Number of protein chains: 2
Amino acid sequence: MSVPNIKDLVDRYIAVSFSVEKKAASLVKNQIGSDLTNDQHFTLRYINQVGSCTSSELAEVFDVKKSAITAMITRMWEKGLIQRTRDENDRRVVYLTLTDKGNELYAKAEEKIHNLVESLINKFDQAEIHQFIETFEKLDNVLSENKAGD
Amino acid sequence: MSVPNIKDLVDRYIAVSFSVEKKAASLVKNQIGSDLTNDQHFTLRYINQVGSCTSSELAEVFDVKKSAITAMITRMWEKGLIQRTRDENDRRVVYLTLTDKGNELYAKAEEKIHNLVESLINKFDQAEIHQFIETFEKLDNVLSENKAGD
DNA sequence: CATTAATAGTTAAACAGTTGAACAGTTAAA
DNA sequence: TTTAACTGTTCAACTGTTTAACTATTAATG
C-alpha cells in the first residue's frame, strides 16, 4: 500500500480514463446531436480558439498525418462549417477558418456542454478540481518531454 | 479566480484530456508496435481481467453497438488472439476468452507499458498520484449517475 | 540563373471502427 | 403454442486513419 504498485496504478488509470472518455463522448454526443462527430467537434473547438490555422498545424496538434486532416476538413467543408483560404504570399498554404454556420454550431454545442458541466460540477469542491486539472496538465507535460526525447 | 469559470474549466479539461489521450495512445503504440491497435489492446486487457465475457458485455463496457464488437472480435479471432465458445445451456450466448497467443501478446504489451510508466512516475509524488486517480474515479461515478438518470 | 531540396496540401487504396437495419437461432412469457 | 424478448451476426454506409505517390509552390545551392 505504501509502495506504489505500478501494475495496479496502470490498471486503474487505464480503466478510469477509458471509461470517462467513453462516457464523456457519449454525453456530449447526446447533447450535440448527430450534426457533429466528436472529432469534428474538437476540430471546430480548436479552430474557434485559434481563429485560423493550417492543415499542418492541425496534424501536429491532433498527432495524425496531414492526409487525415485533409479528409476530415473536406467533410466539414462539405457541410459548410469551414472555409479554406489560400495565402497570397505563400500559395502552398491554406488557412482554415470557421464559417458563420460553423461558429453558430460551435456556440450551440458549447452552450449545451456548459449546462451539462454546470449540473455536474457541484459534486466536487473547487480545490479538488483545481488540483486535478493541475496534475492532468503536468502529466501532459511529462508525456511531451518523453516524446521529445524519443 | 475564486469563482469557478466554467468555460475556462471546460476548455482546460477538454484540451488536456484530448492531448494526454493522444500522447498516451501514441506512446503505447510505439511500445506495442503494429501487432495491435489501441482498441484491440483495450479489448485484450479487459478480457484478460475478467477471464471470460460475452459480446453484449463488451458492447456495454465499451459503449458501442453489438455489431461493432462482432467486427472487432472477428478481426482479433482471425489473428488467433481470441476464442469463441458457445454456452451449452443457453445456445444464444458466446463466451469470449483469450487464446495462449492472446495472453502472451497481452503480457508483452503490459510489460512494455509497465516499464514506460516506471520511467515517468518519479515525476509525481505518491499523494498527488493517489488524489488524481481518486478524483478521476469520482468523475467516472458522477458521469455514470448522470447517464443512468437520462 | 538553373537545378535541386524542402514544404503544404491533395488524392487514392486499404484498413479499423462505428451505426443502423434486417436477420437467424434460441429462450422466455402469454 | 404462439408471441415476445434476447444474443449474436451480416451487410451497407459512413468516419477516421496510414502509406505512398503526386502537384504546386517556395527555398537553397551551386
Side-chain angles (χ1 to χ4, degrees), chain A residues 18 21-23 25-26 28-30 32-47 52-79 81-97, chain B residues 18 21-23 25-26 28-30 32-47 52-79 81-97:
Chain A
F18 191 73
E21 198 237 326
K22 288 279 180 183
K23 282 171 190 161
S26 164
V28 169
K29 204 169 208 168
N30 284 347
I32 293 181
S34 52
D35 292 331
L36 231 45
T37 68
N38 267 301
D39 286 289
Q40 287 171 4
H41 170 232
F42 283 126
T43 306
L44 225 49
R45 170 175 294 272
Y46 183 80
I47 299 181
S52 160
C53 69
T54 66
S55 282
S56 299
E57 184 182 339
L58 281 182
E60 174 83 24
V61 170
F62 286 22
D63 197 20
V64 296
K65 301 293 178 228
K66 284 186 292 182
S67 54
I69 299 296
T70 299
M72 199 168 56
I73 292 298
T74 297
R75 284 187 286 271
M76 297 177 76
W77 175 79
E78 282 164 353
K79 292 184 187 175
L81 303 175
I82 284 186
Q83 213 169 6
R84 295 198 238 223
T85 317
R86 274 227 124 76
D87 184 339
E88 286 304 321
N89 289 2
D90 184 343
R91 297 190 49 73
R92 290 171 300 185
V93 177
V94 176
Y95 293 116
L96 306 172
T97 51
Chain B
F18 191 74
E21 199 236 326
K22 288 278 180 182
K23 281 172 192 162
S26 164
V28 169
K29 202 168 210 170
N30 283 347
I32 293 180
S34 51
D35 292 331
L36 230 45
T37 67
N38 267 302
D39 287 290
Q40 287 172 4
H41 170 234
F42 283 127
T43 305
L44 224 50
R45 171 176 293 272
Y46 183 81
I47 300 181
S52 160
C53 69
T54 65
S55 281
S56 299
E57 183 182 340
L58 280 183
E60 174 84 23
V61 170
F62 285 23
D63 197 22
V64 296
K65 301 291 178 232
K66 284 186 293 182
S67 54
I69 300 296
T70 299
M72 200 167 54
I73 294 298
T74 297
R75 282 187 288 269
M76 296 177 76
W77 175 80
E78 282 164 353
K79 291 185 187 175
L81 303 176
I82 284 186
Q83 213 168 5
R84 295 198 239 223
T85 318
R86 274 228 123 73
D87 183 339
E88 286 303 322
N89 290 1
D90 184 343
R91 297 190 48 71
R92 289 170 301 185
V93 177
V94 176
Y95 293 116
L96 306 172
T97 51

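Just so it is clear, the structure is predicted and the values come from calculations on it, not from any experiment. Naming convention: chains lettered A, B, ... in sequence-line order (proteins, then strands); numbering from 1 in each chain.
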In whole angstrom, what separates [X]'s [atom1] from [N]'s [atom2]?
X	N	atom1	atom2	answer
A:D35	D:dC14	CG	C1'	16 Å
A:N38	D:dC14	CG	C1'	15 Å
B:D87	C:dT26	CG	P	13 Å

Quiz item: Does A:K79 use its side chain to pair, donor to acceptor, with the backbone of A:D35 at less than 3.5 Å?
Solution: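 Here the side-chain-to-backbone pair exists.
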Quiz item: Is the backbone of B:D39 close enough, under 3.5 Å, to the side chain of B:T43 for a donor and an acceptor to pair up by distance?
Solution: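 Such a contact is found between B:T43 side chain and B:D39 backbone.
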Quiz item: Out of C:dA8, D:dG16, D:dG8, which nucleotide sits closest to the side chain of B:V93?
Solution: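 Nearest listed nucleotide: D:dG8.
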Quiz item: Among the nucleotides D:dT9, C:dG9, C:dG17, which one has an atom lying closest to any side-chain atom of B:D39?
Solution: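 Nearest listed nucleotide: C:dG17.
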Self-check item: For C:dA6, glycosidic torsion class - syn if within 90° of 0, otherwise anti
Solution: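 The base of C:dA6 is oriented anti (glycosidic angle more than 90° from 0).
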Phosphate OP1/OP2 of [N]: any [X] side-chain N/O under 4.0 Å:
X	N	result
A:R84	C:dG9	no
B:R86	C:dG25	no
B:R91	C:dT27	no
A:K22	C:dT18	yes
B:T74	D:dT9	no

Exercise. If the plane angle is over 60° it's perpendicular, under 30° parallel, otherwise tilted; pick one for A:F42 and B:F18.
Key: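 A:F42 and B:F18: tilted rings.
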Practice problem: Determine whether any donor atom in the side chain of A:R92 lies under 3.5 Å from an acceptor atom in the base of C:dT7, or the reverse, and answer yes or no. | Solution: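 Donor-acceptor pair under 3.5 Å: yes.
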Quiz prompt | Those residues of residues 64-73 of chain A lying under 4.0 Å from DNA chain D by at least one heavy atom | solution =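 Close to the strand are A:V64, A:K65, A:S67, A:A68, A:A71, A:M72.
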